[in-house]
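Chain A is the first sequence line, chain B the second, and so forth, proteins listed ahead of strands; every chain is numbered from 1. Side chains are part of it too, since the values below use all heavy atoms of this structure and drop only hydrogens, waters and symmetry mates.
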Amino acid sequence: MKNKKDFNIVIVGTGGQGSITLLQILARAASIDGNDVRTSELHGLSQRGGSVEVQMRFGKKIFSPMVAEGGADLILGLEAQECLKSLFYANSETVYLINKFFIPIFGKELLKEQAVLKELKKVTKNVFIVPASDICEEELGKKVVAGMYLLSLACVRGLIPIKPESVLQAIKDLVPEKYLDLNKKTFELALSKKNEEI
Amino acid sequence: MKILEKANKRVPFLGNEAIVRGALEAGVQFVSTYPGTPASEIGDTFFKLQRSKNKIKNLYFEYSTNEKVAMEAGIGASFSGLKAMVVMKDFGLNVCADALLPFCYTGTKGPTVIIVADDPSCHSSAQSEQNTRAFAQLAHIPILEPSDPQECKDYVKAAFKLSAKFKMPILLRTTTRVNHQTSFVDLGKIPAIKADGKFVKDVHRFNTMPPRVFSMHSEMLDRIKEIKKEAEKSELNLTSGKQVSSKIGIITSGVSYLYVKEALADLGMNLPLLKLGFFHPLPEKKIKNFIKPLKKVLIVEELEPFLEREVAILAKDANPRLQIMGKEIIPEIGELKPRIVLSAIAKLANKKIKALPSVDLEKVAVKRTPQLCPGCPYWLVFGGVKKATEGKNVVYGGDIGCYMLAGVPPHNIQDYLFCMGGSMGIAHGIKKATNNKQKLISFVGDSSFFHVGIPALINAVHNQSNPLIILLDNSTTAMTGHQPHPGIKIDSMPIIKPEDVVKACQVKHLKIIDPVNQGEFIKAVKDFLEKDTVSVIIARRPCLFANRVN
Ligand SMILES: Cc1ncc(C[n+]2csc(CCOP(=O)(O)OP(=O)(O)O)c2C)c(N)n1
C-alpha cells in the first residue's frame with residue numbers, strides 16, 4: 001500500500017444496490033482503525049434506479065467530504081457500465097474492482113464487458129472484474145450481497161488500508177440482526193478467496 | 001438509538017442527524033416540517049424518535065401539510081414561548097415566505113430556528129438551483145452556514161442562543177454536501193424539557209397592523225444591527241493562516257471551506273483565510289480588517305456571487321485597490337468540487353498543479369435516468385393514459401414527485417414541470433388561454449394535492465376551465481422517503497380523503513379507479529377528456545413501500 005496521507009474511495013452503482021450501507025460500513029471500519037473519516041452520500045428516492053455515486057475519504061486528517069477529480073485510490077463498481085462515469089475520479093494508479101454485472105439501460109444497447117474495460121484501461125492498468133453477483137448467487141443464494149462481497153474482497157486483499165477485522169466488526173455493529181448472518185457469511189466467503197486470481 | 005447516544009461520545013453522524021442532535025441538545029420543544037430532500041432525514045429522524053419507546057417527553061413533532069403551515073405552526077409555538085424549529089428544503093421557503101417576512105418584523109418569543117437545505121447541482125430537485133442566501137435581502141433574516149456535521153450541531157445550538165438573545169428567528173442554510181456528509185461529531189447532553197407553552201396576549205408585539213408595522217420594521221433593523229455586533233466577535237467567523245509576501249487571501253463559507261482547507265493542505269500553503277459562519281449579517285469590520293493588508297482576495301462560494309459583491313462594496317472603503325477574484329474563475333452554475341477550488345487557489349497563488357488524464361466523459365459515460373420502481377402503480381397510470389390518448393393531441397402537465405418520471409422514456413408524457421401543485425394552476429391558464437379547446441391532462445400526487453394543490457383546483461372550478469386532473473394517490477409522499485400526509489392512516493389521527501375534498505370543491509366528474517383495472521381507467525380518461533367542466537380521476541393504488549410508516 002502506498003504511503004499516502006489519505007485514502008479515497010468512490011462506490012458507483014445504481015439505485016437500490018445498497019451503496020450507502022456499504023459506505024457506512026466502510027466508514028465505521030475506518031474509524032475503528034483510528035482514522036479521521038468523511039463521506040458524501042446522496043439520499044432520496046430520486047436516485048431510485050438511476051446512477052448512484054457515494055464517496056468516502058479517510059486518513060489522519062480529512063477536510064473535504066468529496067474525492068477530488070482524478071483523486072480516487074479505489075473505485076468499487078457495483079454495476080459495470082456505471083464505472084465509466086467514475087473515470088472522473090480515476091488516475092493512472094487508481095484500482096478498479098468491478099462487479100461483472102450489467103443492468104440494462106432503457107432504450108440503449110447494453111455495453112459489452114470488453115468495451116467498458118477498454119475505456120477504463122486507457123486511464124489505469126489496475127482494472128479487476130469479478131463475477132461477484134454470480135458468486136454470491138451460487139454460494140449464498142443471494143445476489144444482493146454482491147457489494148458486500150466486493151468490499152470484503154477489497155479489504156482482505158489489501159486494496160483498502162483497513163483491517164479486515166474492523167470490517168467484520170463494522171458489519172456486526174451496523175447490519176440489522178435479520179441480515180447479519182448473511183453478511184458475515186459474505187465476508188467469510190471473500191476471505192476464503194483471498195488468494196485466488198482475479 | 002443512535003441519535004440519543006450518550007454525551008461525551010464522538011460518533012460519525014450525517015449532517016442531518018447532527019442537526020437533530022443539536023436541536024435536542026438545545027432543548028427544542030416544537031418541531032414542524034414538510035419533507036424535502038436534502039433535508040428529509042431531519043424530520044424523519046424526529047418522527048422515528050417520537051414514535052419509539054425512547055421518545056423525548058414533551059417534545060412535539062409534526063409533518064405539516066406544507067411549509068407555510070409548518071412555519072405558521074412554529075410561529076404559534078414561538079409566540080407561546082416554546083423553543084421551535086421549522087425544517088424544509090429550499091423551495092419550501094418560497095412557499096412560506098409570506099409568513100416568514102412578518103415573523104422577522106414581530107420577532108420571536110420562544111427562540112426559533114429555521115433549517116433550509118439548498119441543493120446546488122439539483123441532486124434531488126427539479127425546478128431551480130435556488131440560493132436561499134437571497135432571503136437575507138428580502139426578509140432580513142440572519143443566516144448561518146455550517147460546513148460539516150460538527151458545525152451543523154454547534155450552529156443549531158448557537159442559532160437557538162442567538163434567537164433567545166436577539167428575539168429574531170435564525171435561519172440555518174445548508175447544502176446537499178453538508179446535509180449528506182458524514183463525519184465525527186462530539187456529543188453533548190440532552191436536557192429534559194417541559195411542556196409549558198402559554199400564549200400571553202401582547203398586541204403590541206404580535207399584531208403587525210399599520211402603523212405598528214413601521215415601528216416593527218425599524219425595530220427589526222435595530223435587532224440586525226445588534227446581531228451584527230455579535231457577528232463581529234463571534235467565533236463562527238474564523239480567521240486563520242499567515243500573511244504571505246504576495247499578499248493574497250481567501251474568503252469562504254459553508255462546504256466550500258472544506259474544499260479550501262483541503263486545497264491549501266495539498267498545496268502546502270497556509271494562506272490568510274476568513275471562514276464566515278454568518279452569511280447575514282456579515283461581520284463587516286472583520287472583513288475589512290481581513291482585506292486591508294491584501295493585494296488580491298479569492299472568494300470561494302457556490303452559485304451566485306453574493307459574498308463577492310459584499311466584499312467589493314466593503315473594499316471600496318477599506319482597500320480600493322484590492323483585486324477581487326471570484327466568479328470569473330469559479331462557476332456560478334452547479335455545486336463546487338475540490339478540483340475547481342484547488343485550481344482557483346493555484347491560480348491565485350501562481351502555482352502549477354498536475355494535469356489530469358483527459359477523458360471526454362460526455363462521450364464515454366452512460367446516462368442512466370431514474371426509473372419508476374418495478375411494480376410501481378404509476379406504470380399502469382402512464383400506460384393507461386398513453387393508450388387512452390393515442391393519436392390525440394393532448395397537453396400533459398407534470399408536477400413534483402415520483403410521477404415526474406412521466407417525463408422520461410418510455411413514457412414521455414410531460415410537457416411542462418414547475419413546482420408542487422403547479423401542474424393544475426398552469427393547466428387552468430392554458431385552458432383559459434385556448435378557450436378550453438386544447439385537451440389537457442394535469443397530473444398531481446396525493447401529497448402535492450394536499451400541499452398547495454387544493455387552491456388550484458378550486459380556482460379551476462370557480463373560474464370554469466376544464467382540465468382533466470389525474471390525482472395519483474399512492475398513499476404516501478414517495479419521492480422524499482415515504483412520509484405520511486393527511487390522507488393516510490397514522491395512529492389515531494383523523495384522515496382527510498382526497499375525494500371528499502374534490503367533491504367539496506364542486507367537481508362534477510369524479511371517478512376513483514384502481515389503475516389495475518385498465519379498461520375502466522382508459523375509458524374514464526377518454527370520457528373525461530370530453531367534459532366541459534373540471535374532471536378528476538383519483539388513480540388509487542398504494543406505492544409498494546407505502547406502509548413503511550406503520
Ligand atoms: C415546496 C416543496 N416542498 C418539498 C419538495 C420536495 N418534494 C419533491 S417531490 C415531493 C413529494 C411529492 O409527493 P406526492 O405528490 O405524493 O408524489 P409521489 O412522490 O408520492 O409520487 C416532495 C415533498 C418540493 N419539491 N417543493
One option among V67(A), I103(A), V123(A) has the most heavy-atom pairs under 4.5 Å with chain B, and it is I103(A)

Do the non-hydrogen side-chain atoms of Y259(B) and P65(A) ever get within less than 4.5 Å of each other? yes

When the 4.5 angstrom heavy-atom criterion is applied to L342(B) and chain A, the contacting part is neither

For this session: Measure the shortest side-chain to side-chain distance between E262(B) and D6(A) over non-hydrogen atoms and say whether it is less than 4.5 angstrom.
Result: yes

May I ask you to decide if K367(B)'s main-chain N or O and K108(A)'s side chain share a donor-acceptor pair within less than 3.5 Å? yes

ask   = Does atom NZ of K386(B) have more than 12 heavy-atom neighbours from other groups under 6.0 Å away?
value = yes

Scanning both residues in full, the closest heavy-atom pair of D36(A) with F184(B) reads OD1-CD1, 4.0 Å

F88(A) and L361(B) have their tightest heavy-atom pair at CB-CD1, 3.5 Å

For Y179(A), does the OH atom have more than 12 heavy-atom neighbours from other residues, nucleotides or ligands under 6.0 Å away? no

Only one of R38(A), R28(A), E41(A) passes side-chain contact (heavy atoms from CB on, under 4.5 Å) with T182(B), and that residue is E41(A)

Turns out that what part of N16(B) lies under 4.5 Å from chain A's heavy atoms comes down to neither

Pair count under 4.5 Å, heavy atoms only, with chain A: among K354(B), K2(B), R339(B), highest is R339(B)

Among S40(A), G70(A), A27(A), the residue with the most heavy-atom pairs under 4.5 Å to chain B is S40(A)

When rounded to the nearest 0.5 Å, the distance separating OG of S64(A) from CG of L336(B) is 11.0 Å

Cut-off 4.5 Å, heavy atoms of chain A, and the answer for E335(B) is side chain

Cut-off 4.5 Å, heavy atoms of chain A, and the answer for T176(B) is side chain

If one checks every heavy atom of A90(A) against chain B at 4.5 Å, the contacting part turns out to be backbone

- Any salt bridge between E82(A) and R368(B), counting N to O under 4.0 Å? yes

Whatever's closer than 4.5 Å to a heavy atom in chain B on E69(A) counts as both

(Q) A side-chain contact here means heavy atoms from C-beta on lying under 4.5 Å apart; do L87(A) and V364(B) qualify? (A) yes

Of the listed A263(B), P38(B), P410(B), the one with the largest count of heavy-atom pairs under 4.5 Å with chain A is P410(B)

dist F58(A):CZ -> S183(B):OG (nearest 0.5 Å) comes out at 15.5 Å

Worksheet item: Counting heavy atoms not belonging to K347(B), are there more than 12 under 6.0 Å from its NZ?
Response: no

If one checks every heavy atom of P409(B) against chain A at 4.5 Å, the contacting part turns out to be both

Margin query: Using side chain to side chain contact (heavy atoms under 4.5 Å, CB included), reason through K5(A) and D266(B) one step at a time and then give a plain yes or no.
Written below: CA-CA 10 Å; K5(A) 66 175 176 37; D266(B) 276 3; 3.5 Å; yes

